[in-house]
There are 2 protein chains.
Amino acid sequence: MLSRRSDTPSSDFVGAAVTAIAQLIREQDLRPGDRLPAEAVLSKDLQVSRTVIREALRSLAALRLVELGAGRRPTVAELNDDAFGLMIEHGVVIDQIDIQQIYDARRTIEARTSALAALRRTEAEAKAIIAHAEAMAADFHLPEKVIEHDIAFHLSIARASRNPVFALILGAFQNVTRQTWPIGWRSRANDGDRQAMNALHHEIGQAILAGDPGAATAAMNQHFDVSLKALVTAGLI
Amino acid sequence: MLSRRSDTPSSDFVGAAVTAIAQLIREQDLRPGDRLPAEAVLSKDLQVSRTVIREALRSLAALRLVELGAGRRPTVAELNDDAFGLMIEHGVVIDQIDIQQIYDARRTIEARTSALAALRRTEAEAKAIIAHAEAMAADFHLPEKVIEHDIAFHLSIARASRNPVFALILGAFQNVTRQTWPIGWRSRANDGDRQAMNALHHEIGQAILAGDPGAATAAMNQHFDVSLKALVTAGLI
DNA sequence: CCCCTAAACCTGTAATATAGGTTTTGGGAA
DNA sequence: TTCCCAAAACCTATATTACAGGTTTAGGGG
């Protein structure tokens, strides 16, 4: 978990190319969408075969530093949560991370995103957040719809927090959340429990609309208390 | 930030191979260190050229789902923070993330890791954490030593929290922290300010040793208040 | 049963070829 | 002049072959 990456591994052509290309982006101050030199050019400049360049570009594309496409030069890309999501999923698959730990991370971060959202959300964002909460209540007998609104609800808050780091991290948890969500849902045996959860979503949304960070965080924490209890009941944690 | 990855992109051979290999790891329940099929075998199984398989493996290696080495079959790898660190660094380079946002994420998470560390640390971990705080005080006229102890101090706490998600995220911030750290250091004009920071580190360490999560979090928050102020003074935020 | 070595296996890099996708260029029409 | 279009130039995705090393395995000798 703690190893520093070895810059410019001398005998690793691909690693060296990755470093060189990342450096190129930094030093030339390239922006998302800007084009990198063609593979053939990089190959000549860095004195390695196109094979090496391609593998280096694929590495960078996997991390979403660059974007590749047939016929077009490699372009600088914007971060998104896919890559980090894959990593988290892998951590769960190999039991390096468990569900409880992800939940604790979510709780920690979402306590903050809800407060920031209350402070920073636009009117439109507040409306969208509340709309998801209401849609959840309206469709509460259709789990396949509820889950989508639930996830969208939390992610809207993350975005409204105006901190892309939070949005990135919480977005990466999405896939794992999606897999455990039905378990929590089923463990809420009766509609009363489910409606209680809707009430909490409503409360969070209202606090964000009202611009009350303390209330938003409090409601969010309460929400996680209840959700966590559901997962414990289900024996998942 | 929100796009879901499209599973099995039909016309993207490499993407399909990545998905297939990741699925292989999951379905065969492979553990870190376990070997994947040789490239030639994957090539035959998935009906694509070795070129495609290699690029797929490089993608997975970039995310640290697998590890590659000359002469040896690809092996399943453990997560580490290098890959995520590269992503974060890129986010900063392209101005998708700013330093203040990383600091807010750190503060949010470290408030929690310090509390968890107080609850879960072993005796040895508590000693190591305190040792870093003391080394910082002892070497406080040697910035190049102080920074290393500072970073190690925070990371030890993250590890002692027993949540690898936190350790992963905070580890990924390391490189960025390392780049901004000297700025904060210089803005602490006199030794008094610097010693004050040492006192806070000491306080955090003692709270963790004492097993007092509330005090640990409080001291950590105070620490971030001061650090943030230093960065503001320096005009970085 | 253990150790060592040769063979078998396997990856890293390079070079070449080609199908198709994208961008640029330059000319002709409006 | 400006706009549009088609041809040309450019470029990537994939496949194939080759070979230099590095690693693992199998088998024989002690």
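In what follows, chains are A, B, ... by sequence order, proteins preceding strands, each numbered from 1.
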Next item on the list: Could you check which of C:dA14, D:dA13, D:dA15 has an atom nearest any side-chain atom of B:Phe13?
Entry: D:dA15

Next item on the list: Grab the CD-P distance between A:Glu39 and C:dG21 for me, whole Å please.
Entry: 17 Å

Item checked: Short N-O contact, A:Glu125 and A:Arg159, less than 4.0 angstrom -> no

Checklist line | Atom pair distance, as rounded to whole Å: CZ in B:Arg72 and P in C:dT11 | finding: 11 Å

Item checked: Side chain of A:Ala70 (C-beta onward), nearest among C:dA14, D:dA13, C:dG12 -> D:dA13

Item checked: Which nucleotide in D:dT24, C:dG12, D:dT16 has an atom nearest any side-chain atom of B:Arg35 -> D:dT24

Item checked: Parallel, tilted or perpendicular, as decided by the 30° and 60° cut-offs, for the rings of B:His132 and B:His149 -> tilted

Note to self: What I want to find out is whether A:Glu67 reaches A:Arg35 closely enough, with some N-O distance under 4.0 Å, to be called a salt bridge.
What the structure shows: no

Check: From D:dG22, D:dA15, D:dC11, pick the nucleotide closest to the side chain of B:Ser49?
Finding: D:dA15

Next item on the list: Provide, to the nearest angstrom, the distance between the CG atom belonging to B:Leu57 and the C1' atom belonging to C:dT13.
Entry: 16 Å

Notebook entry, point to check: Expressed in angstrom and rounded to an integer, what is the separation of A:Leu36 atom CG from C:dT23 atom P?
Noted result: 15 Å

Checklist line | Integer-rounded Å distance: C:dA14 P and A:Gln47 CD | finding: 10 Å

Check: Which listed nucleotide (D:dT12, C:dT11, C:dA14) is nearest to the side chain of A:Val52?
Finding: C:dA14

Notebook entry, point to check: Closer than 4.0 Å, any side-chain N/O of A:Arg73 to the OP1 or OP2 of C:dT24?
Noted result: no

Note to self: If I take atom CG in residue B:Asp12 and atom P in nucleotide D:dT12, what distance separates them, rounded to the nearest angstrom?
What the structure shows: 16 Å

Checklist line | side-chain N/O B:Arg54 vs C:dG12 OP1/OP2, d < 4.0 Å | finding: yes

Margin query: Please determine whether any donor N or O and acceptor N or O are separated by less than 3.5 Å between the side chain of B:Arg50 and the base of C:dG12.
Written below: yes

Margin query: Heavy atoms from C-beta onward define the side chain here; which of C:dT11, D:dT14, C:dA15 lies closest to that of A:Thr51?
Written below: C:dA15

Notebook entry, point to check: Any idea which of D:dA13, C:dT13, C:dC10 is nearest the A:Arg58 side chain?
Noted result: D:dA13

Next item on the list: Determine the interplanar angle of the B:His154 and B:His223 rings, folded into 0 to 90°, and report it as parallel if under 30°, tilted if 30 to 60°, perpendicular if over 60°.
Entry: parallel

Notebook entry, point to check: In terms of side-chain geometry, is the basic nitrogen of A:Arg31 or A:Glu78 positioned less than 4.0 Å from the acidic oxygen of its partner?
Noted result: no

Check: From D:dT14, D:dA15, C:dG21, pick the nucleotide closest to the side chain of B:Glu55?
Finding: D:dT14

